[in-house]
Amino acid sequence: MTDPVFFSVPEPMTVEALAGIGGGEILRGDPGLFLAGVGPLDEAGPDRLSFIDNPRYLGQLAETRAGAVFCPAKFADRVPDGVAVIVSRQPYRAFALATAAFFPQAVRPAGIVRGHGISPAAHVDPAARLEQGVVVEPGAVIGPEAEIGEGTVIAANAVIGAAVRIGRHSYIGPAAVLQHTLIGDRVIVHPGVKIGQDGFGFALGAGGHLKVPQIGRVVIQNDVEIGANTTIDRGANRDTVVGEGTKIDNQVQIGHNVVAGRHCVIISQVGISGSTILDDYVVLAGKVGLAGHLHLGMGAQVGGGSNVAHDIPAGERWIGTPAQPIREWTQERRALAALAKAKRAGETKEDEEPKR
C-alpha cells in the first residue's frame, strides 16, 4: 500500500528565501541551499527545514540532520556543523510562516471532497443568498434567508440554519451545525462544532424547572478559529460573543451570554459558564473551569486544570482548585511540603527511639 499524500509536493526554496519569509538572519550556512520541505528535528533530513525553541529539545538539536534550523541566538552554538543556522527571536513563528509558504493549502481547510460550486447532493433553500465562489459540499443543508459570503466553503453534512449570516472566505467543517449565529470573515469552524443552540437556562422550583426562552444570538467576529466538537450556546437575553482573532481548541463549552474578547486563547476541554466576560488576550489552559458571571481582565492567564470562582484582575496568572494567584499557590505548596517533611521527620525520630 502506498502512502497517501494529502498535500501537494511543494516547490523547493532557498535558505535565503526562507530566512526572509520567517524574518530571520542567516548566521551560518549556504544561503543558496535549496530545501524541499519541513520536519521535526529528529526526523528532518538534509533537504528539510526545522526549528528549535523549547530547551527540552536540545538533545534532538545536537543530533539533527536538517538542512537548516530556525533558532534563538542563545542556541546557535548548539547547532551541529553542516546545518545552516537562521537566527530568529521567534523561531516557532518563523517556522510557521515558512511552513505556510511551502504548504499554503494547509493554512485554511479546502473542504472534505475538494469540490467546486454547489453539489447537486446538497440542499440549498431557494430563499438563501450565496455570493459567487461559495462551495457547498454533498449533504450540506442551508436554510431559508441564510446569507453566505464569497469564497466560503460549507463542508459535507454541515447544517446552516435559517437566517444565519456567514462572511467571506470562511470555512464550516463537516457535521457542524449553526443556528441563530452571525459569523465574520476568514473564520474556521472545524468538524462537529455546534453554535447557537439553546443555552442552559431554567427557573428552578420545587414544582419543576421552568425553561427560560433563549432569545439571544451568537456573534463570531473575523479571524476566529473554533476546534472540533466545541459547543457555543446562544445568549439568553443578550448575545454570546467571540472576539476577533480568538482561537478555541477542540471540545470547549461556552455558555450563554459569555463574551470572549479579541485574541483570546482557549485550550481543549475548557468550560465557561454563562455570563462570564473575558477581556482581550486572556489565556485559559486545558480543562480550566470558570464559574458564571465572572470577569477576567485583559491578559489574564489560568493554568491547566484550574477551577475559577472569583474575578481575575488584568495581567494576573492564577492556578489551582480553587484558583488563586500563582505566587500564593506556590508559597502555599512550599509551606505544605515543608510541614509534611517535618511531620515525616518527627515520625521517623519517634520510630528510632528505644521503647520503654
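- Contact annotation: the side chain of Y57 never approaches that of L61 to less than 4.5 Å [non-hydrogen atoms, C-beta and beyond].
- Contact of the L284 side chain with the I272 side chain is registered, since non-hydrogen atoms from C-beta on lie closer than 4.5 Å.
- Taking 4.5 Å as the limit, every side-chain heavy atom of P80 sits out of range of all side-chain heavy atoms of E63.
- For the residue pair H190 and E225, a side-chain donor N or O sits within less than 3.5 Å of a side-chain acceptor on the partner.
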Carefully, step by step, assess R186 and D223 under the rule salt bridge (Lys or Arg N to Asp or Glu O under 4.0 Å).
CA-CA 5 Å; R186 301 174 302 280; D223 300 305; 2.7 Å; yes

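- Between the side chain of S8 and the backbone N or O of F103, no donor-acceptor pair lies under 3.5 Å.
- A side-chain N or O of D233 and one of Q253 form a donor-acceptor pair less than 3.5 Å apart.
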For V15 and L35: C-alpha separation, side-chain torsions, deciding distance, then whether side chain to side chain contact (heavy atoms under 4.5 Å, CB included) applies.
CA-CA 7 Å; V15 169; L35 301 178; 4.0 Å; yes

Contacts under 3.5 angstrom, residues 287-303 side chains, donor-acceptor by atom type, not counting sequence neighbours:
unit_1, atom_1, unit_2, atom_2, d
H295, NE2, D279, OD1, 3.1
H295, NE2, D279, OD2, 2.9

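- The minimum heavy-atom distance linking N307 with G305 is given by the pair ND2-O, 3.7 Å.
- For L27 against A76, the heavy-atom pair with the smallest separation is CD2-CB, 3.6 Å.
- Heavy-atom minimum distance, N222 versus G184: OD1-CA, 3.4 Å.
- Note that the CD atom of E332 and the OG1 atom of T330 stand 9.5 Å from one another [nearest 0.5 Å].
- Atom CZ of R108 has more than 12 neighbouring heavy atoms from other residues, nucleotides or ligands inside a 6.0 Å radius.
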Could you go through T181 and I232, starting from their C-alpha distance and side-chain angles, then the distance that decides it, and tell me whether this counts as side chain to side chain contact (heavy atoms under 4.5 Å, CB included)?
CA-CA 10 Å; T181 299; I232 304 177; over 6 Å; no

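- Grouping Ile, Leu, Val, Met, Phe, Trp and Tyr residues whose side-chain heavy atoms lie under 4.5 Å apart, directly or via other members, places F202 in a hydrophobic cluster with F200, L204.
- When all heavy atoms are compared, the tightest approach of F70 to A98 is CE1-CB, 4.1 Å.
- I86 and L97 fall within the same hydrophobic cluster, defined by Ile, Leu, Val, Met, Phe, Trp and Tyr side-chain heavy atoms under 4.5 Å apart, directly or through other members.
- Between R28 and V79, the closest side-chain pair of non-hydrogen atoms falls below 4.5 Å.
- You'll find the side chain of F34 reaches within 4.5 Å of the side chain of T14, heavy atoms only.
- By the criterion of side-chain heavy atoms lying less than 4.5 angstrom apart, applied directly or through intervening Ile, Leu, Val, Met, Phe, Trp or Tyr residues, V187 is grouped together with I254 in one hydrophobic cluster.
- We find the CD1-CD1 distance between I267 and I248 to be 10.5 Å, quoted to the nearest 0.5 Å.
- F102 is listed as a side-chain neighbour of L18, based on a closest heavy-atom distance under 4.5 Å.
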Side chain to side chain contact (heavy atoms under 4.5 Å, CB included) between Q214 and H180, intermediate numbers included
CA-CA 10 Å; Q214 307 289 290; H180 306 277; over 6 Å; no

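- The distance from atom CZ of R317 to atom CD1 of I312, rounded to the nearest 0.5 Å, is 12.0 Å.
- To the nearest 0.5 angstrom, Y92 atom OH is 9.0 Å from T99 atom OG1.
- If you take CG on D30 and CD on E16, they are separated by 9.5 Å, rounding to the nearest 0.5 Å.
- With hydrogens and angles ignored, the 3.5 Å screen pairs no side-chain donor or acceptor of T276 with any backbone N or O of V258.
- More than 12 non-hydrogen atoms from other residues, nucleotides or ligands lie less than 6.0 angstrom from CD of Q105.
- With a 4.5 Å cut-off on side-chain heavy atoms, L278 and T246 do not count as touching.
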Would V241 and Q221 satisfy side chain to side chain contact (heavy atoms under 4.5 Å, CB included), going step by step from the backbone distance to the final call?
CA-CA 8 Å; V241 179; Q221 296 181 359; 4.1 Å; yes

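- Contact check on R262 versus D280 returns a salt bridge, with a Lys/Arg side-chain nitrogen under 4.0 Å from an Asp/Glu carboxylate oxygen.
- Contact detail for P109 and I188: the closest heavy-atom pair is CD-CD1, 3.8 Å.
- R78 has its side chain out of reach of I52: every pair of non-hydrogen atoms, C-beta onward, lies at least 4.5 Å apart.
- No chain of hydrophobic side-chain contacts below 4.5 Å, direct or via other Ile, Leu, Val, Met, Phe, Trp or Tyr residues, connects I226 to V107.
- Taken from SG in C71 to CG in L58, the straight-line distance is 10.0 Å, to the nearest 0.5 Å.
- Linking Ile, Leu, Val, Met, Phe, Trp and Tyr whenever their side-chain heavy atoms come within less than 4.5 Å leaves V136 and I112 in two separate clusters.
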Which donor-acceptor pairs under 3.5 Å do the side chains of residues 146-166 make with protein atoms, sequence neighbours left out?
unit_1, atom_1, unit_2, atom_2, d
E147, OE1, R165, NE, 3.3
E147, OE2, R129, NE, 3.1
E147, OE2, R129, NH2, 2.4
T152, OG1, G149, O, 3.4
T152, OG1, G167, O, 2.7
T152, OG1, H169, N, 3.3
T152, OG1, S170, N, 3.0
R165, NH1, E145, O, 3.0
R165, NH1, A163, O, 2.7

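- For the pair E137 (side chain) and V113 (backbone), a donor-acceptor distance under 3.5 Å is present.
- S268 contributes no side-chain N or O that, together with a main-chain N or O of Q251, makes up a donor-acceptor pair within less than 3.5 Å.
- In terms of hydrophobic clustering, with Ile, Leu, Val, Met, Phe, Trp and Tyr side chains grouped at heavy-atom distances under 4.5 Å, L33 and V85 are assigned to different clusters.
- When all heavy atoms are compared, the tightest approach of S50 to F95 is CA-CE1, 3.8 Å.
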